[in-house]
Amino acid sequence: MGTSSLAALAGMGLFAMLVMIVVGILVAALVLSVAFRLVVGVMPSYLRALGAVVLSWVAGAVAMVIIGMVSSGGGGGLLSLIVQFLVGAFVVNYLLLSQNGSQIGFGKACLVQVIYLVIFLVLAMIFAALMAVFFGSMLAHG
C-alpha cells in the first residue's frame, strides 16, 4: 500500500507549518527580550522569554475562545485584541523579572507589550515586502 502524492504534499505542508511555528516562537522570544531590555534596562533570560511567549499565546488563545463564545458580532475582534494585549502584559509582568528579582509592574509590562508589537509589525512589513519582491519577480520572469 503506497502513499499517494497528495498525502505526501499534505505531510510536507504540515511539516512546513510546524517549522514556521517553531521559528516564530523563537523569534518572538528574541523580540520580547529586546523590548524588555529597552523598557527595563536588563536582558531577561531567553528561556524565561520563551516561556512567556508560549504562555501568553496559549492564554491569549484560551481568552479568544472564551470571548468568541460570549460575544457576538463585530465587537468581539477588537475586544479579543485588547484582552490578548492585557493577557500578554500580565504574563510579562509575572514571568519576566527586573534585576533585583521583583516584578516590573503592570504599566511597564504594557509598555513592553507595545514595543514588542511595534517591533513585530516592522518585522512583518519587512518580511511581507521581501516576499512580495521574491514572488513578484518569480511571476514576472515565469
Side-chain angles (χ1 to χ4, degrees), residues 3-142:
T3 303
S4 71
S5 60
L6 188 60
L9 284 174
M12 289 189 316
L14 287 175
F15 180 72
M17 285 178 21
L18 178 66
V19 168
M20 286 175 37
I21 289 171
V22 169
V23 169
I25 289 173
L26 294 175
V27 169
L30 183 63
V31 170
L32 181 63
S33 296
V34 169
F36 191 84
R37 167 90 165 114
L38 289 173
V39 172
V40 179
V42 61
M43 186 73 93
S45 164
Y46 185 71
L47 288 177
R48 287 186 81 88
L50 194 64
V53 166
V54 171
L55 185 61
S56 66
W57 283 8
V58 169
V62 169
M64 286 193 336
V65 167
I66 292 172
I67 289 173
M69 288 189 298
V70 171
S71 69
S72 62
L78 179 63
L79 184 62
S80 67
L81 282 174
I82 293 170
V83 168
Q84 193 164 8
F85 174 82
L86 294 175
V87 165
F90 176 77
V91 170
V92 165
N93 186 35
Y94 183 71
L95 285 182
L96 302 181
L97 305 175
S98 66
Q99 196 168 13
N100 61 4
S102 64
Q103 293 181 347
I104 62 171
F106 194 71
K108 281 187 179 181
C110 285
L111 187 58
V112 168
Q113 279 293 101
V114 167
I115 292 175
Y116 169 74
L117 291 174
V118 166
I119 292 172
F120 240 107
L121 284 174
V122 169
L123 288 176
M125 285 190 284
I126 291 170
F127 182 73
L130 287 175
M131 289 296 107
V133 167
F134 177 71
F135 287 115
S137 67
M138 283 178 53
L139 289 174
H141 295 301

Handout entry: Heavy atoms from other residues, nucleotides or ligands near CE of Met20 exceed 12 (cutoff 6.0 Å)
Key = no
Practice task
Any chance you could measure Ile67, atom CD1, to Leu81, atom CG, to the nearest 0.5 Å?
Solution key: 9.5 Å
Problem - Atom pair CG/CD1 of Leu32 and Ile115 - distance to nearest 0.5 Å - result: 11.0 Å
Handout entry: Partners passing side chain to side chain contact (heavy atoms under 4.5 Å, CB included) against Tyr94 (at least two apart in sequence or in another chain)
Key = Gln103
Practice task
Any pair with a residue in residues 37-56 that passes side-chain hydrogen bond (donor to acceptor under 3.5 Å, both in side chains), sequence neighbours left out, goes on the list, sorted by first then second residue, please.
Solution key: none
Exercise for the section: Grab the two heavy atoms, one from Val92 and one from Ala109, that are nearest each other, plus how far apart they are. Expected result: CG1-CB, 4.1 Å
Exercise for the section: Test Ile104 against every option in Val42, Val39, Val40 by the side-chain contact (heavy atoms from CB on, under 4.5 Å) rule and name the one that passes. Expected result: Val40
Handout entry: Rounded distance [0.5 Å steps], OG in Ser33 versus OH in Tyr116
Key = 10.0 Å
Problem - Distance, nearest 0.5 Å, that separates CG of Leu50 from CG of Leu30 - result: 10.5 Å
Exercise for the section: Could I get the full list of side chain to side chain contact (heavy atoms under 4.5 Å, CB included) partners for Ile82, not counting sequence neighbours? Expected result: Leu78, Leu86
Handout entry: Heavy-atom neighbours of Phe90 CZ exceed 12 at 6.0 Å
Key = no
Practice task
Output the distance between atom CG (Leu9) and atom CG (Leu14), rounded to the nearest 0.5 Å.
Solution key: 11.0 Å
Problem - Separation between CZ of Phe106 and CG of Leu111, rounded to the nearest 0.5 Å - result: 12.0 Å
Practice task
Please report the closest heavy-atom contact between Val87 and Ala59, naming both atoms and the distance.
Solution key: CG1-CB, 3.5 Å
Exercise for the section: Provide the closest heavy-atom pair for Val83 versus Ala63 in the form atom of the first, atom of the second, distance. Expected result: CG1-CB, 3.7 Å
